[in-house]
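Here the structure is a predicted model, which means the values were calculated and not measured.
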Amino acid sequence: KTASTVTDSTGATVHAGGTIIYVVEVCNVAPAPSLVNNAGFFDQLPLGTEFQSSASADFDLAFDATSSQILGTTDQLQAGECGTAVITVSVAEDAPCGTPFTNLAVAFSSTTIISDFPFDASNFVLDEDADPSNNEATVTTTVVCPEEDEDGEDDGNGGGGPSVGTGDTGLLAGDSAVA
């Protein structure tokens, strides 16, 4: 995963009340098969964030408010093909300084389309994967407070916090599963 934000160059911080944009990319890469069926991902949104939207030209997306998870599915990915989804969440206005928000994305391919919430891999028949170590990726964004100047007021940031983009890239496929 990589991250970039308005707050800092690494994407590691957000202000209370700000926005985090996660980009999840799932690829079928070598030594993958020529075609992977029923590929997709689950994305576990961090506690303390509120789902705003999700969009993808490559995946059918569903959001489950009870588990705070997003499911992205597609019928197939050809060898070398990737699919991308963009997920936007907001951080609470009263989020304390130092609060870490960790987003988890889990990619998969299965013998059937997975559509159950909450995600639990033990409930599904997943395709064999020569390298399952690349099927999960996390990214953490920490709440920072605006710096105060000598009079104790914030330095004109407005308090609302900037938008933040956190890219969930780097999920790569193994032998017969999409990561």
Side-chain angles (χ1 to χ4, degrees), residues 1-5 9-12 14 19-47 49-90 100-141 163-179:
K1 291 188 172 190
T2 60
S4 61
T5 72
S9 63
T10 66
V14 64
T19 301
I20 303 173
I21 299 171
Y22 299 108
V23 178
V24 179
E25 182 178 51
V26 178
C27 298
N28 178 13
V29 298
S34 60
L35 176 68
V36 173
N37 291 307
N38 304 317
F41 69 91
F42 274 92
D43 190 89
Q44 180 64 60
L45 300 179
L47 291 174
T49 62
E50 183 177 335
F51 173 77
Q52 296 298 310
S53 65
S54 60
S56 177
D58 306 313
F59 293 102
D60 293 326
L61 301 173
F63 172 67
D64 180 60
T66 303
S67 63
S68 293
Q69 292 179 337
I70 299 200
L71 169 66
T73 58
T74 187
D75 291 338
Q76 50 189 223
L77 284 176
Q78 300 289 334
E81 184 180 15
C82 295
T84 303
V86 177
I87 301 163
T88 304
V89 300
S90 60
F101 293 107
T102 300
N103 178 268
L104 167 68
V106 179
F108 62 84
S109 67
S110 71
T111 56
T112 59
I113 287 289
I114 295 176
S115 60
D116 296 335
F117 290 105
F119 174 71
D120 180 352
S122 65
N123 292 337
F124 315 116
V125 180
L126 298 176
D127 287 340
E128 290 297 316
D129 189 347
D131 182 11
S133 68
N134 64 4
N135 291 353
E136 291 186 13
T138 61
V139 66
T140 299
T141 305
S163 295
V164 177
T166 303
D168 288 341
T169 58
L171 297 175
L172 303 175
D175 189 25
S176 62
V178 175

* To do: Show your working on side-chain contact (heavy atoms from CB on, under 4.5 Å) between Thr88 and Thr19 and close with a plain yes or no.
  => CA-CA 7 Å; Thr88 304; Thr19 301; 3.4 Å; yes

* Matching residue for Ser56 among Leu61, Ile87, Ile70 - test: side-chain contact (heavy atoms from CB on, under 4.5 Å) -> Leu61

* Asked: Taking atom CG of Asp58 and atom OG1 of Thr73, what is their separation to the nearest 0.5 Å?
  -> 12.0 Å

* **Shortest non-hydrogen separation from Glu136 to Leu104 and the atoms involved** => OE1-CD1, 4.0 Å

* With sequence neighbours left out, what residues match Ser68 under side-chain contact (heavy atoms from CB on, under 4.5 Å)? -> Gln44, Leu45

* To do: For the residue pair Asn103 and Pro46, establish whether any side-chain heavy-atom pair is separated by less than 4.5 Å.
  => yes

* Asked: From Ile21 CD1 over to Ser53 OG, what is the distance, rounded to the nearest 0.5 angstrom?
  -> 8.0 Å

* Asked: OG1 of Thr84 to CZ of Phe59: how many Å apart, nearest 0.5 Å?
  -> 7.0 Å

* To do: Hey, could you give me the CG/CZ distance between Asp43 and Phe63, rounded to the nearest 0.5 Å?
  => 10.5 Å

* To do: Find the distance between OG1 (Thr141) and OH (Tyr22) and round it off to the nearest 0.5 Å.
  => 5.0 Å

* Closest heavy-atom contact between Leu35 and Gln78? -> CD1-NE2, 3.4 Å

